[in-house]
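Each remark here refers to the structure printed beneath this line.
The first residue in the sequence is number 1, and the count goes up from there. In listed order, ligands and their atoms are each counted from 1.
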Amino acid sequence: MNAPQFDVIIVGAGFGGIGASVQLKKMGYENILILDREDDLGGTWHVNHYPGLAVDIPSPTYSYWFEPNPYWSRLYAPGTELKQYANHVADKYDIRRHMRFNAVVNGARWDEDALAWVVALADGETLTARFLITATGYLSQPRTPDIPGIDEFAGKIIHSTAWDDGYDPGGRRIAMIGTGATAVQLIPELTKTAAELTVYQRTPIHVVPKMDFSIPVFIRRMFARLPLIQRAFRWVTDANLEVMMILSVLNFKYFRHLNVAAAKLSSALRFVSIRDEELRRKLTPTYDFGCKRPTYSNSYYRTFTKPHVHLQTAGIDRIEPDGIVALDGTKTEIDTLVLATGFDLWEANIPAIEIIGRDARNLGKWWRDNGFQAYQGVSIPFFPNLLSLAGPYASSGLSFFSTVEYQMRHMDRLFDEVLRRDATTFEVTAEANSRFRERMSKMLGKTVFGRGNCAGSRSYYFSPSGETLVRPASTHQTNSEQDNFPLSDYSIA
Ligand code: NAP
């Protein structure tokens with residue numbers, strides 16, 4: 001029987017896939033292939049380039065611990081700098097040569113005889129690998145709403161993930177559907193020159209003030225020369241986020257008043273930004289702070305007071321070739337429809353490709369029939385030699401990099417044992433998986449997701465069957481579990 005072509009195939013060349021390859025290369029794996037459907041690396045930071053795009057986790061924290069970047073221009077760096085950072089890491093760690101772009105993966109199937117994954121590309125090619133890592137991120141399958149008439153719209157439609165850089169909003173009559181984190185960044189930008197902007201809001205979002213500032217060049221130089229000072233700065237931004245996570249997300253049961261205070265801060269921001277009480281009421285969420293991802297902006301609420309910006313909350317009845325008709329009968333004529341409608345997460349992204357494991361078990365179907373579950377957020381019984389990096393209970397802490405780094409630790413311990421035993425396969429035991437799942441669902445009980453008033457939040461944090469993306473544990477606890485999980489939780493052969 002032929003040996004597989006690759007030791008490891010990684011699907012996704014974003015920060016998750018880059019982190020996984022850095023870890024594997026550190027352990028001596030060189031025969032790695034990284035596949036990505038886009039034409040360059042960077043994942044979400046390659047795909048998204050809409051006006052106003054910036055990170056909303058402080059940049060020192062939103063980066064790999066092993067590769068600090070002293071050159072962030074702001075506390076919340078613009079999206080272009082994240083893309084540059086991804087390029088820098090891929091080059092420095094010699095990852096780029098493992099990447100193949102414009103490679104759409106349709107699915108992967110475990111071959112029990114060959115003890116290898118067979119990965120099928122959309123162009124008909126098949127590739128084989130001993131190990132498969134899906135690093136497809138959570139926010140990678142854009143959602144296009146199924147609103148009656150949308151296909152007959154005669155103007156321009158732009159989804160935020162496919163921004164047309166040549167599009168000039170100047171003088172346009174624009175409708176935007178959605179009021180998530182993307183819309184909060186886009187709306188103030190578009191209204192600078194648009195003739196009219198009507199925002200169709202279904203669920204209001206909690207927005208709190210953004211304490212952003214530019215980092216002076218001399219400070220950046222100092223960070224480059226004296227990395228310990230930057231480490232100290234990062235310690236502050238890390239600690240700040242972690243305390244927020246531990247108190248108001250994980251221990252909502254005891255610290256509910258902090259969420260109430262955050263909601264009041266958001267309310268105060270509305271109060272100082274908007275005089276019209278009715279407008280403020282429409283923008284006020286009815287669910288607890290933290291059920292759904294809140295965001296930061298100093299200009300979002302104020303933008304709605306401009307005479308050419310309108311908030312429509314009646315719901316959308318249909319789209320006609322020249323406009324949108326709301327459920328209250330109001331028709332708004334437009335020439336551009338901007339979809340800031342987010343992502344099909346539980347529906348289409350978990351998993352993002354069809355994965356068939358041992359005994360022909362289909363991961364997507366199995367999760368839907370039995371509940372979303374993955375040991376330590378990454379391993380699933382009946383799926384040998386697979387690590388799924390964007391699964392249930394995989395999102396650790398508030399920065400995506402906390403997730404990437406705990407998963408690198410997990411790989412470190414797991415692959416170290418595989419190499420030590422000169423083994424061919426690993427598979428998490430059903431017992432270890434159930435134990436982990438029970439523990440996570442019990443821990444959810446104390447969190448804002450378990451205790452808060454989340455009805456009506458339409459939060460993508462929750463699966464339809466009640467699991468969360470978010471691991472209900474501190475990053476410290478999560479990291480230390482990766483260094484210490486019992487190796488007997490896996491069958492390694
Ligand atoms: P999102 O948070 O899922 O928001 C999508 C919006 O579209 C929601 O307001 C949703 O309303 C609305 N929507 C979807 N389908 C609709 C329909 N059929 N009719 C009416 N409204 C509809 O997506 P996002 O804003 O793109 O943000 C996704 C995530 O990306 C964020 O939570 C964040 O994690 C990340 N992000 C980060 C940054 C950053 O770091 N700077 C920036 C942007 C995004 P409902 O709420 O009612 O469903």
Problem set entry | Sorted by chain and number, the residues that approach ligand 1 to under 4.0 Å with a heavy atom | Tyr50, Ala54, Val55, Asp56, Leu139, Arg143, Pro145, Ile177, Gly178, Thr179, Gly180, Ala181, Thr182, Gln185, Arg202, Thr203, Lys292, Arg293, Ala340, Thr341, Gly342, Phe343, Arg458, Tyr460
Problem set entry | Pairing of Asp288 and Arg451 as salt bridge, 4.0 angstrom limit | no
For this session: Indicate yes or no: does Asp238 engage Arg231 in a salt bridge with an N to O separation below 4.0 Å.
Result: no
Problem set entry | Tyr85 ring center near Tyr62 ring center (under 6.0 Å) | no
For this session: Report yes or no: is the cationic atom of Arg172 (NZ for Lys, CZ for Arg) closer than 6.0 Å to the six-membered ring centre of Tyr167, at no more than 45° off its axis?
Result: no
For this session: May I ask you to decide whether Arg437 forms a salt bridge with Glu467, counting only side-chain N to carboxylate O separations under 4.0 Å?
Result: yes
Exercise. What's the shortest heavy-atom distance between Val184 and Tyr296, and which atoms?
Worked result: CG1-O, 4.2 Å
